[in-house]
Amino acid sequence: GAGVSQSPRYKVAKRGQDVALRCDPISGHVSLFWYQQALGQGPEFLTYFQNEAQLDKSGLPSDRFFAERPEGSVSTLKIQRTQQEDSAVYLCASSLRLSGTSGNEQFFGPGTRLTVL
Amino acid sequence: EDQVTQSPEALRLQEGESSSLNCSYTVSGLRGLFWYRQDPGKGPEFLFTLYSAGEEKEKERLKATLTKKESFLHITAPKPEDSATYLCAVRTGGYNKLIFGAGTRLAVHP
């Protein structure tokens with residue numbers, strides 16, 4: 001069965017360039033999450049969607065970061081005017097639902113490794 | 001502030017040498033504690049969810065337990081293929097995001 005997929009897997013950008021990272025969640029999953037993982041650290045929350053609604057964007061580090069999920073399926077994380085400190089692995093995760101005690105496990109994609117030179 | 005601390009940072013075991021990884025948490029209303037395994041260059045792979053103190057779950061050589069302040073991931077008779085980073089995360093009341101610890105890097109040598 002298809003899991004969460006992300007593209008590109010690797011992205012090298014020059015400082016100041018804009019980048020767009022794509023996430024295809026598991027089919028039928030309502031919730032979609034973006035995390036940022038620095039080397040040697042655990043993932044840190046950026047934002048999440050329930051269907052097409054962005055319900056929490058408290059983890060986005062600056063207004064250069066923007067995420068969307070216009071049709072409630074595929075999501076794009078966009079970073080404008082990239083800086084060296086944006087270098088990290090960006091992980092996408094999806095879950096079937098948000099509440100309750102089953103079906104809210106988050107399943108992660110392989111990540112996109114962004115390097116800003 | 002919600003916080004998750006994992007120990008040790010790194011652990012080296014001989015094949016067959018059982019041990020435990022610790023995850024301590026300070027949160028305002030636990031809505032689930034999650035264990036993930038992460039291999040180099042890959043995303044975290046879901047292992048277990050625990051919801052209440054006293055709960056235990058097992059999968060092959062792994063067993064996860066939960067108390068009111070911490071969780072343990074017990075590894076029985078590990079094999080080299082168990083080598084990975086093990087991440088602990090919590091979901092707290094009113095929020096759906098996961099708060100992760102920094103992970104424990106486990107190396108199992110033949």
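A quick note: this is a predicted structure, and the numbers were derived from the prediction, not measured. So you know, we letter chains A, B, ... as the sequences are listed, proteins then strands, and number each from 1.
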What orientation do A/F33 and A/F45 show, parallel under 30°, tilted 30 to 60°, or perpendicular over 60°? perpendicular

Parallel, tilted or perpendicular, judged at 30° and 60°: which one describes the rings of A/F108 and A/Y35?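 Aromatic pair A/F108/A/Y35 classed tilted.
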
Give a yes or no on whether a salt bridge exists between B/R61 and B/D82, defined as a side-chain N under 4.0 angstrom from a carboxylate O.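 B/D82 and B/R61: salt-bridged.
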
If only side-chain N and O atoms count, and only distance matters, is there a donor-acceptor pair under 3.5 Å linking A/Y48 with A/Q106?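 Result is no, nothing qualifies.
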
Less than 4.5 Å to any heavy atom of chain B: does that hold for the side chain of A/S58, its backbone, both, or neither? side chain

Which bit of A/Q37 comes within less than 4.5 Å of chain B, counting heavy atoms only: side chain, backbone, both or neither?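 Answer is side chain: those atoms of A/Q37 sit under 4.5 Å from chain B.
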
Hydrophobic cluster identity match, A/F49 and A/F66, side-chain contacts under 4.5 Å: no

Given A/G111, A/G42, A/G40, the one with more heavy-atom pairs under 4.5 angstrom with chain B than any other is A/G42

How many angstroms lie between CG in B/D2 and CZ in B/R91, if you round to the nearest 0.5 Å? 13.0 Å

Nearest non-hydrogen partners of B/L87 and B/G103, listed with the distance: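 Here B/L87 and B/G103 meet closest at CD2-CA, 3.7 Å.
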
For A/Q50 and A/V30, work out which heavy atoms get closest and say how close. CG-CG1, 3.5 Å

Side chain, backbone, both or neither: which part of B/Q38 has an atom under 4.5 Å from a heavy atom of chain A? side chain

Residue by residue, scan residues 40-47 of chain B and write down, ordered by number, those that have a heavy-atom distance under 4.5 Å to chain A; if none do, write 'none'.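 Expected list: B/G41, B/K42, B/G43, B/P44, B/F46.
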
